[in-house]
Structures are given as C-alpha cells and as structure tokens.
> 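Okay, here's the structure, questions in a sec.
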Amino acid sequence: MTAPAVAGGIRQWLSAVALVLTLVVISLSAGSFLPRASLRVYLTTGAFDGSKNDAAAAADLLLSEKAFQDGQERLPEQNAPSATMNSSEASLDTGSCDLYRGEWFSDSSGPLYTNSSCPLITKTQNCQANGRPDKGYENWRWKPEQCILPCFDARKFLELMRGKTLAFVGDSVARNQMESLLCILWQVDTPVNNGTRRMQKWIFRSTSTTIIRIWSSWLVHKSIEAVEFAPNGLDKVFLDIPDETFMELLPSFDVLVLSSGHWFAKRSAYILNGNVVGGQLWWPREAGKMQMNNVASFGVSVETCLTAVATNPNFKGIAILRTYSPDHYEGGEWNTNGSCTGKVKPLDEAVRNGFTNTMYEKQVAGFRKAVENSGVRGAKLKLMDITKPFALRVDGHPGPYRSADPNKKTQRGPDGKPPPQDCLHWCMPGAVDTWNEMLFETIRREHAG
Ligand SMILES: *[C@@H]1O[C@H](CO)[C@@H](O)[C@H](O)[C@H]1NC(C)=O
Ligand SMILES: *[C@@H]1O[C@H](CO)[C@@H](O)[C@H](O)[C@H]1NC(C)=O
Ligand SMILES: *[C@@H]1O[C@H](CO)[C@@H](O)[C@H](O)[C@H]1NC(C)=O
Ligand SMILES: *[C@@H]1O[C@H](CO)[C@@H](O)[C@H](O)[C@H]1NC(C)=O
C-alpha cells in the first residue's frame with residue numbers, strides 16, 4: 001500500500017480531497033501591510049534605522065542569535081536594551097511570542113531557492129516550469145505580531161541538527177513540506193539519497209543530518225481486511241491503534257513532524273475497539289445510525305497517534321503536529337470545476353471554510369487531549385498552528401499549473417470537463433517554505449530551552 005500510495009501522486013490526492021465552499025476574494029489593501037523597507041532590513045540584513053521598534057527588533061534578533069550560537073538559555077531580559085522597550089515590546093522575547101498570529105508581507109529579496117537551483121521539485125508543484133505566469137507568490141514572508149520569524153539559514157539549521165534525524169510522517173502534503181526543506185538545505189549541501197521502499201531518506205554529510213519521510217495517510221493503523229460488516233477491500237482505519245510503520249522507528253527520531261487530515265475525505269470505514277463505528281462515502285443503510293463521522297474520527301486518530309508518540313519511553317525527541325493545510329477551491333470542488341486560477345496575492349482576511357474549520361478544531365482538540373494524556377511527557381508535543389495563516393494563501397497553489405500540458409486551460413476530458421486543478425498542495429518555491437521557517441524556529445526554541 002505504501003509504495004503505490006506514494007507513487008500514485010495526483011490520483012491519490014484527487015481521491016483524497018473532497019470539499020469546499022465558494023470563496024469570496026477580498027482584494028488586498030496595500031495599506032494593511034507593514035512598512036516594507038524597515039521590515040526587510042531587519043529580517044535580512046540585521047541593519048536598523050534606529051527607530052524604537054527596530055531597536056526592539058534588533059534586541060530580539062541578537063537574543064535569538066546568541067541563544068542559537070551558545071546552545072544555551074536566552075539572555076536574561078534585563079540584558080536587553082530595556083530603555084527602548086515598553087511593556088508590549090518586552091514580549092518580543094522570541095520564546096513566548098505566538099508565531100502563528102501575524103501577517104504576510106511581500107519581500108523583494110525573493111525565495112530561498114528557485115526551480116533551477118533545486119533538482120527535486122515534484123513536477124506537479126513546479127509551477128514556474130509548468131508555465132505559471134506570475135511570480136509574486138514566491139515572495140511573501142510571514143511576520144508574527146510580536147516577534148520576527150528569522151529567514152531560514154540552512155547552515156545554522158544543519159548545525160543545530162548535527163548528527164540528528166528529522167522525520168516527516170503524513171500524506172502528500174507532508175511530502176510537499178519535506179521537499180521544501182530539502183530544497184532549502186540543498187543550497188548549501190548536496191544530500192545523499194539513501195531511501196528505501198519503506199521511506200525516503202536523505203543524508204547531509206556536512207553535519208550527518210538525516211531527513212526522512214514516511215507515508216502515513218491517517219497516522220493510525222489501516223488494513224483492508226473485513227471487520228464485522230465492513231467488507232474486505234474497503235480501507236479500515238483503526239482509530240485507537242497508532243500506525244506501526246513509523247512507530248517502530250520512533251526511537252531514532254529527534255524531531256518528528258506529523259500531519260494528516262485530507263485522507264479523512266476518502267472512502268473508508270472507521271474502527272474503534274474492534275467495532276465498526278462509522279464510515280466515509282461508505283455506510284450500509286441497514287447498519288443504522290453511525291456513531292462517528294469522518295471529522296470526529298479524525299480527532300480520535302490524532303489523539304491516539306500523539307499520545308502513543310509522547311508516552312513511548314524510547315522516544316527522546318520532540319513531535320510537532322502541523323495543523324490541517326487549508327485548500328482554496330472556488331466555484332466548485334476539485335472534481336466539479338473548482339478553481340484557484342488567477343489568485344496572485346494572499347487574502348487579508350480569511351474566507352470561512354466550514355470543513356477546514358471543523359477539521360482544524362477536532363485536530364487541535366485531539367492534540368490537547370494527547371498532551372493531557374501524556375502527563376509530563378506531554379511537553380514533547382508541539383503544535384505548529386499553520387491553518388489560519390495559510391487560509392490567507394489562496395495564491396500559493398498550483399491551480400491549473402500542476403502540469404506542463406500546454407493545453408491545460410482548454411483541454412477537456414471525454415466527459416467535456418476541464419482537467420482538475422490543484423488548489424491543495426503548494427507551489428515550490430512558495431508558501432510551503434514558510435512552514436520550514438516555523439519548524440526551524442520551533443526546534444531552535446526547544447534547543448534554547
Ligand atoms: C508600546 O509599543 C506599542 C507597539 O510598538 C505601541 O503601539 C504602543 O503605543 C507603545 N506604548 C507606549 C506606552 O509607549
Ligand atoms: C524553471 O522555470 C522556468 C520558467 O520560469 C522554465 O523556463 C525552466 O524550464 C524551469 N526549469 C526547471 C529545471 O524546472
Ligand atoms: C545507506 O544505507 C545503507 C544500508 O541500507 C548503508 O550501508 C549505507 O552506509 C548508507 N549510506 C550512507 C551514506 O549512510
Ligand atoms: C464545468 O464546466 C463545464 C464547462 O466549462 C460545464 O459544462 C459543466 O457543467 C461544469 N460542471 C460543474 C459541475 O459545474
């Protein structure tokens with residue numbers, strides 16, 4: 001199942017996605033963005049214009065820099081230039097600032113790599129090579145309200161991860177994030193491919209850093225064998241059994257990034273305590289009312305998986321749950337002419353998407369229960385809360401530019417329908433690179449204590 005699931009590419013995600021409400025495009029008001037020049041200056045060069053806010057930001061940068069280099073605690077607050085900080089600025093302390101509340105701004109310094117400097121961009125995500133005419137989507141950077149999200153420094157990342165292993169476990173969106181990280185790191189060190197059928201594995205020899213990806217559609221055990229009245233052949237998702245394919249390897253991971261969700265739109269039966277409790281796109285009428293739908297099942301699967309990870313005594317690392325990745329189909333679903341064509345800027349206010357919202361809520365609730373279930377070991381679990389920031393990135397998907405077919409906009413299938421768009425995955429380079437900046441910052445904070 002693993003290999004075809006990985007290789008199946010488009011078919012797999014197509015069958016995995018089923019969604020969505022009509023989106024209303026809210027045009028951007030340029031005025032709502034932060035002043036570009038000064039932001040850019042402090043994010044990229046570390047030079048400051050001397051204004052109060054920039055001075056505070058400088059302190060912040062220095063503190064995080066120092067913490068990083070020493071691999072020690074952050075400097076105590078009184079060492080910061082407190083004369084320039086009022087109480088709200090004092091919370092610029094990067095350790096406590098909420099990374100996921102903020103806004104997007106356009107940064108003319110451009111992306112961390114290009115389609116020509118990274119050799120492993122999946123064709124369906126190589127939007128430039130597929131003829132996407134606009135490029136602005138590559139340049140948006142995220143600015144948390146109370147601190148800065150440092151630009152990804154590949155050498156520092158490898159140094160921090162010296163001798164360590166980072167694993168991505170999840171579906172094709174997890175692969176999207178892994179490939180983004182590899183592309184970023186590729187700019188400073190060419191990795192050795194040591195993958196197997198079971199997992200992708202890349203080794204950066206300069207620091208013996210290993211990046212792994214393991215396919216897991218639901219993060220819990222699955223099988224196709226019959227259970228009660230759920231027939232052989234149908235996918236059974238065991239909501240209370242973690243997925244053994246990656247749990248076996250758990251002790252070797254220093255950082256584990258988990259994500260799931262989109263496969264809960266796929267046809268399957270849900271099993272709890274050995275009983276069939278629900279199904280998605282499958283449920284026999286004579287079975288009566290189902291106990292759990294796909295959204296509730298998703299929440300339970302998250303709790304199961306995270307609790308098992310955190311409480312495993314041989315797991316010495318941290319596990320980061322990347323929250324549900326929002327999609328942006330407009331005017332239909334993926335298979336009914338849904339589109340994100342022509343979106344060239346982030347929204348400045350998210351459009352409500354009922355399915356995304358409830359998936360996100362169940363996922364976060366599952367995370368919180370797992371933290372509770374795990375006692376002191378609950379501290380190993382971190383939430384990478386990307387759903388809301390990325391609900392704004394309507395511009396970040398391949399849309400029709402998921403294939404190099406020059407006729408993609410006019411081509412019709414035998415049924416007269418245009419080929420489906422990809423408004424779920426993310427173009428590379430592009431928005432997905434920010435996930436890795438958030439990941440780096442999360443690891444750095446953990447390291448800094
Ligand atoms: C403190 O800093 C914030 C953000 O820079 C600013 O909006 C606020 O007016 C400042 N308050 C005082 C009392 O200086
Ligand atoms: C990169 O994108 C450009 C268009 O911007 C295209 O001409 C080129 O073939 C692409 N290269 C690769 C290696 O994908
Ligand atoms: C790749 O894996 C094989 C075993 O699967 C191992 O013998 C070899 O040393 C590995 N290569 C590197 C560069 O680690
Ligand atoms: C999709 O678009 C085609 C033509 O553009 C139209 O004939 C068809 O009815 C549309 N399908 C749906 C489900 O809206």
Side-chain angles (χ1 to χ4, degrees), residues 2-3 6 9-10 106-140 154-155 157-159 161-169 172 175-215 245-246 248-256 317 340-345 395-409 421-422 425-433:
T2 305
V6 176
I10 293 168
S106 183
D107 177 358
S108 57
S109 60
L112 296 160
Y113 56 92
T114 67
N115 71 319
S116 338
S117 72
C118 178
L120 99 170
I121 303 177
T122 294
K123 278 205 179 70
T124 49
Q125 271 114 61
N126 195 343
C127 299
Q128 288 301 308
N130 292 337
R132 181 165 172 171
D134 60 309
K135 251 187 151 165
Y137 68 90
E138 293 184 347
N139 296 340
W140 293 88
R155 287 196 193 284
F157 179 88
L158 288 173
E159 200 48 58
M161 292 296 291
R162 181 178 284 278
K164 295 192 153 75
T165 297
L166 185 157
F168 291 97
V169 175
S172 56
R175 178 183 62 205
N176 207 174
Q177 184 178 1
M178 185 240 204
E179 288 177 355
S180 155
L181 181 60
L182 289 178
C183 284
I184 295 168
L185 300 177
W186 209 291
Q187 308 308 305
V188 304
D189 186 9
T190 303
V192 179
N193 183 351
N194 208 3
T196 60
R197 243 184 80 83
R198 185 173 184 192
M199 65 177 134
Q200 273 187 292
K201 186 177 194 178
W202 296 84
I203 299 165
F204 289 86
R205 282 168 299 179
S206 62
T207 52
S208 302
T209 301
T210 304
I211 310 288
I212 284 174
R213 184 178 66 85
I214 299 173
W215 184 277
T245 59
F246 76 88
E248 281 168 10
L249 297 164
L250 188 62
S252 65
F253 302 152
D254 298 287
V255 178
L256 169 60
C340 48
T341 301
K343 302 293 184 275
V344 297
K345 280 179 172 178
D395 60 325
H397 306 288
Y401 304 103
R402 67 176 180 79
S403 91
D405 173 0
N407 299 318
K408 59 187 162 287
K409 280 169 280 184
Q421 293 201 3
D422 184 353
H425 297 95
W426 305 95
C427 291
M428 284 176 54
V432 65
D433 302 324

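Whatever order the structure lists them in is the order used to number ligands and atoms, beginning at 1.
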> If we count only N and O atoms by modelled type, under 3.5 Å, do the side chains of Asp433 and Ser180 hold a donor and an acceptor together?
yes

> Under a 4.0 Å N-O cut-off, is there an ion pair linking Arg198 with Glu248?
yes

> Specify the protein heavy atom at minimum distance from atom 2 (O) of ligand 3: its residue, its atom name, and the distance to 0.1 Å.
Asn194 ND2, 2.6 Å

> If I apply the N/O under 3.5 Å rule, does Asn126 come out as touching ligand 2?
yes

> Would you say atom 7 (O) of ligand 3 makes contact with the protein, given that contact here means a non-hydrogen protein atom less than 4.0 Å away?
no

> As an exercise, identify every atom of ligand 2 less than 4.0 angstrom from a heavy atom of Gln128.
2 (O), 4 (C), 5 (O)

> Given side-chain contact (heavy atoms from CB on, under 4.5 Å), test Ile184 with Tyr113 step by step and report yes or no.
CA-CA 6 Å; Ile184 295 168; Tyr113 56 92; 3.8 Å; yes

> Quick one: closest heavy-atom pair of Asn139 and Pro111, and the distance?
OD1-CD, 3.5 Å

> Going by a strict under-4.0 Å cutoff (protein heavy atoms only), does atom 11 (N) of ligand 3 have a neighbour on the protein?
yes

> Pair Thr207, Thr209 - check side chain to side chain donor-acceptor pair (under 3.5 Å), show working.
CA-CA 5 Å; Thr207 52; Thr209 301; 2.7 Å; yes

> Can you check whether Asn115 has an N/O within less than 3.5 Å of an N/O in ligand 2?
yes

> Measure from atom 14 (O) of ligand 3 to the protein's non-hydrogen atoms and state whether any distance is below 4.0 Å.
yes

> Within the 4.0 Å heavy-atom shell around Ile203, which atoms of ligand 3 are there?
12 (C), 14 (O)

> Less than 4.5 Å apart, any side-chain heavy atom of Arg132 and any of Tyr137?
yes

